[in-house]
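Just so you know, these numbers use all the heavy atoms, side chains as well, and skip hydrogens, waters and symmetry mates. Computed from a predicted model, the values in this text were never measured in an experiment.
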Amino acid sequence: MFLHFTILLKGKGESAIEKNGRDLSFDNIRGVLISLVVLGHALEYFRLDSPIGEFFYVFIYLFHMPAFIFISGYFSKNLAKGRKTAVEAFLIPYLLLNLVLSIILLLMGKIQAIMILSPGWTLWYLYCMFIWRLLLPDLVKVRRILLLSFIVGIFSGFLTEFGTYMAMARTLSFLPYFLAGYYTTSEKIARIRNIKWNKPISVGVIIAGIVIAYFWVQSHLPPEILWGDRAYNLFTLPLYQNLIADILLYIVGFAFIFAFLSLANNKPHFFSSWGQKTLAIYLLHIYLVAPLVQFTQSVRNPWIHLGLIVAGSAGILYILSRPKVTVTLNKTIARILHFIMPEKKE
């Protein structure tokens, strides 16, 4: 029942991926991305008072979730299994963790009511995955669905009723990345990696991202545009600038996906294990990032502040990628799922 929800850890020593001879390049990509997820969330308040923090925040948010969601779509090709396991793999963990987070925020006085259907902080990804996996078998039947998803994603900014409720805005705005990942085959990835000059092009993409982040901060554009969770009318930008920004962000997001696929190799690195345990890190890191943010708030020197955030984020990655943490999380969620959805004896 719980095998599909594995945190990709089979035991100590040699990883499950190494044992099965699977391509480590995707674990390397996920390892880099999950580290940026943790760092990006740790920068959440620092970036409000520091141009340095805002620059790194904008740069990370230009591509980290688009690439993460693309990889999620790539590994969602088993349509029947994806739909069958969507509830227990994503919906139930989302409901449980969102309830826990809501209770914590309520006790801290950060919110006035428990919000079940408005995902808290990072948990929108789980809810979106539930919706995407549930609907994917029907979505792929729609003619030109990938092109249509881009159009819907861009013009969803006109819809004011969505917002964070049920993560509907993000479900639409990030859908093109998920579908693109689903439609990408291993043969297409091999062709990307065989493109002449693909590595210099990828370095150029990274440099372009740095330049975009710099001018984004200098132009005082709201970083919240990168969240993809709110309507155009909530920003002071003219409508045409919002539309251009959305189109630009799709181009940048897919350019970085190209760069990740081109630069990733099949060799083990220190961050490969992070990529094998992304779900555990994603689910639990917010409970450690919040104390880190609180602890570093009093630091006045921006570079020392940034250094503490980076070091703290690395510590969080180390702790949450330990075998004991991932195995314990696996067993805990498995027991909860078995209690809620016991297997029927034939």
Side-chain angles (χ1 to χ4, degrees), residues 25-26 28-37 39-41 43 54-76 122 124-125 128-129 132 139 145-157 167 169-184 188-189 192-193 195 198 201-217 219 221-230 232 235 237 241-264 275 278 282:
S25 63
F26 283 103
N28 292 331
I29 293 173
R30 286 185 291 205
V32 172
L33 291 174
I34 196 64
S35 67
L36 294 176
V37 167
L39 179 59
H41 291 142
L43 290 169
E54 186 177 7
F55 166 77
F56 283 106
Y57 184 88
V58 169
F59 176 71
I60 291 170
Y61 272 73
L62 283 173
F63 64 87
H64 77 315
M65 286 313 295
F68 212 101
I69 291 168
F70 175 88
I71 299 297
S72 300
Y74 180 79
F75 287 103
S76 297
T122 65
W124 64 268
Y125 169 75
C128 286
M129 281 297 297
W132 292 330
L139 288 175
I145 183 58
L146 184 57
L147 175 61
L148 182 61
S149 71
F150 280 104
I151 297 172
V152 172
I154 292 171
F155 286 94
S156 63
R170 280 169 164 153
T171 300
L172 296 177
S173 62
F174 286 104
L175 178 60
Y177 299 112
F178 185 80
L179 287 175
Y182 169 79
Y183 283 116
T184 299
K188 291 178 181 177
I189 292 176
I192 289 174
R193 290 173 175 168
I195 292 176
N198 65 344
I201 292 172
S202 300
V203 173
V205 168
I206 296 172
I207 294 172
I210 293 171
V211 172
I212 291 171
Y214 173 79
F215 282 106
W216 192 291
V217 174
S219 303
L221 291 173
E224 290 78 10
I225 293 176
L226 301 167
W227 296 354
D229 69 340
R230 56 199 62 193
Y232 295 146
F235 298 108
L237 296 176
Q241 288 187 15
N242 276 296
L243 289 169
I244 292 174
D246 267 7
I247 295 171
L248 172 66
L249 289 177
Y250 278 130
I251 294 172
V252 172
F254 279 103
F256 268 94
I257 290 168
F258 172 88
F260 273 107
L261 294 176
S262 298
L263 296 175
T278 51
Y282 194 92

Novice: With heavy-atom distances below 4.5 Å as the criterion, would you say the side chains of W132 and L179 are in contact?
Specialist: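 The answer is no; the side chains never approach within 4.5 Å.
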Novice: I189 and T184: which non-hydrogen atoms are nearest, and at how many Å?
Specialist: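 Scanning both residues, the minimum pair turns out to be CG1-CG2, 3.6 Å.
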Novice: Would you confirm whether the ring centroid of Y250 sits within less than 6.0 angstrom of the ring centroid of Y177?
Specialist: yes
Novice: So do F235 and L221 actually touch side chain to side chain, heavy atoms under 4.5 Å?
Specialist: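 Answer no - side chains too far apart.
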Novice: Cation over ring, R30 on Y282, under 6.0 Å and within 45°?
Specialist: no
Novice: Could you tell me the separation between the OG1 atom of T278 and the CG atom of L33, rounded to the nearest 0.5 Å?
Specialist: 9.5 Å
Novice: Side chains of I225 and L249: closer than 4.5 Å at any heavy-atom pair?
Specialist: yes
Novice: To the nearest 0.5 Å, what is the distance between CG on D246 and OG on S156?
Specialist: 7.0 Å
Novice: Looking at NE2 of H64 and CG of L39, how far apart are the two atoms once the value is rounded to the nearest 0.5 Å?
Specialist: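 Reported value, rounded in 0.5 Å steps: 9.5 Å.
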Novice: Which heavy atom of L62 sits nearest a heavy atom of P66, and at what distance?
Specialist: O-CG, 4.1 Å
Novice: Would F174 and W227 count as a ring pair (Phe, Tyr, Trp, His ring centres under 6.0 Å) if you check the C-alpha gap in whole Å, the side-chain angles of each, and the deciding distance to 0.1 Å?
Specialist: CA-CA 10 Å; F174 286 104; W227 296 354; over 10 Å; no
Novice: Which is it for F150 and L175 under the side-chain contact (heavy atoms from CB on, under 4.5 Å) test, yes or no, and what are the steps along the way?
Specialist: CA-CA 8 Å; F150 280 104; L175 178 60; over 6 Å; no
Novice: Closer than 3.5 angstrom, by distance alone: can the side chain of N198 be matched with the main-chain N or O of R193 as a donor-acceptor pair?
Specialist: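 Confirmed, N198 side chain pairs with R193 backbone.
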Novice: Do W216 and Y57 have ring centres separated by under 6.0 Å?
Specialist: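 Centroid separation for W216 and Y57: 6.0 Å or greater.
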Novice: For atom OH of Y183, decide whether the heavy atoms of other residues, nucleotides or ligands shown that lie under 6.0 angstrom number more than 12.
Specialist: yes
Novice: Using every non-hydrogen atom in the two residues, find where F59 and F63 come nearest and quote the distance to one decimal.
Specialist: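 Looks like O-CE2, 3.0 Å.
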Novice: Drop me the distance from I257's CD1 to I192's CD1, to the nearest 0.5 angstrom.
Specialist: 9.5 Å
Novice: Mind checking the CZ-CD1 spacing from F26 to I29? Nearest 0.5 Å is all I need.
Specialist: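 Rounded to the nearest 0.5 Å, the CZ-CD1 separation comes out at 5.5 Å.
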Novice: So which heavy atom on T171 is nearest to which on C128, and how close?
Specialist: OG1-SG, 3.4 Å
Novice: May I ask you to test the L243-I154 pair for a side-chain heavy-atom distance under 4.5 Å?
Specialist: yes
Novice: Does a donor on one side chain sit under 3.5 Å from an acceptor on the other, for S72 and Y125?
Specialist: yes
Novice: Quick one: do I206 and F256 satisfy side-chain contact (heavy atoms from CB on, under 4.5 Å)? Show the steps, please.
Specialist: CA-CA 7 Å; I206 296 172; F256 268 94; 4.1 Å; yes
Novice: For L146 and A180, work out which heavy atoms get closest and say how close.
Specialist: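 Result for this residue pair: CD1-N, 3.8 Å.
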Novice: Before giving the answer on ring pair (Phe, Tyr, Trp, His ring centres under 6.0 Å), spell out for Y182 and F178 the whole-Å C-alpha distance, their side-chain angles and the decisive distance to 0.1 Å.
Specialist: CA-CA 6 Å; Y182 169 79; F178 185 80; 7.8 Å; no
Novice: Does any part of the side chain of I212, heavy atoms only, come nearer than 4.5 Å to the side chain of V58, both counted from C-beta?
Specialist: no
Novice: So, taking the atom named CG in N28 and the one named CG in L263, what distance separates them when rounded to the nearest 0.5 Å?
Specialist: 11.5 Å
Novice: Before giving the answer on side-chain contact (heavy atoms from CB on, under 4.5 Å), spell out for W124 and M65 the whole-Å C-alpha distance, their side-chain angles and the decisive distance to 0.1 Å.
Specialist: CA-CA 11 Å; W124 64 268; M65 286 313 295; 3.8 Å; yes
Novice: Which residues pass the side chain to side chain donor-acceptor pair (under 3.5 Å) test with S202, not counting sequence neighbours?
Specialist: none
Novice: Between R170 and D229, which heavy-atom pair has the shortest distance, and what is it?
Specialist: NE-CB, 3.8 Å
